[in-house]
Amino acid sequence: MTQWKKILQKSVTSPEEIAHRFEIDCNVLDTVLATFPMRINSYYLGLIKTVGDPIWKQAVPDPKEIRDSVCMPDPLAEEDLSPIPNLVHKYPDRVLFLVTNECAMYCRFCTRKRKVGTARMQITQDTIQAGIDYIRDNKQIREVLISGGDPLLLTDEKLDSILTRLRSIPTLEVIRIGTRVPCTLPMRVTKELTAVLKKHHPLYINTHFNHPDELTQEAARACNLLADAGIPLGCQTVLLKGVNDDSETLRSLFLGLLRLRVKPYYLFQADLTKGTNHFRTHTESGIAIMGQLIGNISGMAIPTYALDAPDGGGKIPLTPDYIVDKGDDLRFHNYLGKLCTYPENGDPL
Ligand SMILES: *Cc1c(COP(=O)(O)O)cnc(C)c1O
Ligand code: SF4
């Protein structure tokens with residue numbers, strides 16, 4: 001068995017194992033696990049330094065998950081926007097294609113918490129082939145975003161087969177894979193895997209890191225292998241209360257990602273997903289954090305802070321308000337708060 005499969009096999013999946021390892025009482029978690037699955041592989045478990053730290057909060061279930069009376073199972077209306085099972089067609093030129101229901105670690109804040117890692121997400125060879133056929137039949141689709149679950153939990157052979165079939169579609173230009181594996185199970189990124197991926201360019205990977213403690217040597221090795229295979233790397237971070245909702249943590253994360261050749265792409269406002277309400281911050285605090293980062297660090301390290309609108313409205317950028325007045329002159333604050341003016345209609349000099 002390969003190393004990454006062994007690490008996955010050693011995952012913590014029951015409250016007793018958590019209780020034993022951290023010497024705490026976890027009985028209450030049984031009721032949470034009846035609704036939402038837990039899987040913490042031994043690599044990610046090893047990143048926890050203390051009970052309740054930012055790694056713990058992402059991985060270990062919390063009784064608040066089943067007391068959430070505010071949020072909804074499917075806030076982005078993904079099921080309504082699926083012309084066939086496991087394919088979400090929301091924007092005209094790109095689709096989200098779910099190819100597995102498994103992840104290397106079940107994130108407590110997952111947007112697809114209603115079904116990821118459970119029998120409520122049924123993916124078969126037939127649903128995968130139906131997705132590929134849909135993309136072939138709908139010629140306006142320029143890009144496919146392969147997600148799940150985590151696509152990199154598929155074997156190299158299965159992944160190669162899906163990518164090969166997608167690449168045979170002449171109207172499909174770009175393949176994008178969304179994966180948390182470089183963060184949660186970096187050993188999965190092997191030379192054999194990168195050899196498969198690089199056959200299918202232009203192929204992009206958006207990964208998902210949320211905290212600087214996740215930027216380990218193993219994660220660096222994984223990102224390095226992918227970047228060396230010519231794969232442009234982006235990161236989709238989620239803004240999470242108690243995990244990364246302060247500008248110092250995010251500054252350190254985003255600059256650390258740049259050093260690994262990963263471009264911060266999105267910082268997501270937490271979705272209204274049932275079981276994740278305790279992670280939500282006010283959008284004002286996210287906008288304030290962006291204001292503290294923009295201009296102060298490299299623009300390369302600045303993601304778009306985005307809110308995925310409820311009911312499938314799509315992603316909306318949230319930005320600090322720089323504009324003070326829009327008359328004949330545009331008046332605005334710069335990143336330091338200094339008032340600046342740009343004449344819109346002045347006579348040419
Ligand atoms: C986020 C998302 C995309 C991709 O959006 P980008 O802004 O291009 O990253 C595509 N389809 C669905 C359904 C999505 O949720
Ligand atoms: S890796 Fe992604 S899909 Fe899987 S549980 Fe985490 S957020 Fe959800």
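Both ligands and their constituent atoms are indexed starting at 1 by order of listing.
Taking atom 8 (Fe) of ligand 2 as the reference point, the nearest protein heavy-atom neighbour is C110 SG, 2.3 Å. Scanning the protein for heavy atoms near atom 7 (S) of ligand 2, the closest one is C107 SG, 3.7 Å.
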Decide yes or no on salt bridge (Lys or Arg N to Asp or Glu O under 4.0 Å) for D150 and R180, but give the supporting numbers first.
CA-CA 7 Å; D150 198 314; R180 234 201 138 177; over 6 Å; no
Please step through ring pair (Phe, Tyr, Trp, His ring centres under 6.0 Å) for the pair Y43 and W4, ending with a clear verdict.
CA-CA 9 Å; Y43 165 77; W4 67 271; over 10 Å; no
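When heavy-atom distances to ligand 2 are checked against a 4.0 Å cut-off, C103 comes that close only through its side chain, counted from C-beta outward.
Listed by atom number, the atoms of ligand 2 under 4.0 Å from R180 heavy atoms are 1 (S). Using a 4.0 Å cut-off to heavy atoms of M105, the atoms of ligand 2 that qualify are 5 (S).
Between K274 and K113, the shortest heavy-atom contact is O-CD, 3.7 Å. Shown here for T276 and D271, the closest heavy-atom pair between the two residues is OG1-O, 3.8 Å.
Pocket lining of ligand 1, defined as residues with a non-hydrogen atom under 4.0 Å away: V88, K90, Y91, R94, L96, L145, R176, Y265, Y266, K315.
Note that atom 5 (S) of ligand 2 has protein non-hydrogen atoms nearby, at separations under 4.0 angstrom.
By the 6.0 Å contact criterion, CG on D311 is open, its count of non-hydrogen atoms from other residues, nucleotides or ligands being 12 or less.
Side-chain N/O atoms of Q236 and N206 include a donor and acceptor closer than 3.5 Å.
For the pair N138 (side chain) and I135 (backbone), a donor-acceptor distance under 3.5 Å is absent.
Applying side-chain contact (heavy atoms from CB on, under 4.5 Å) to V95 and the options V144, L81, L172 leaves one that passes, V144.
The shell of residues lying under 4.0 angstrom from ligand 2, judged by heavy atoms, excludes K113.
Every ring pair (Phe, Tyr, Trp, His ring centres under 6.0 Å) that H89 has, sequence neighbours left out, goes to Y134.
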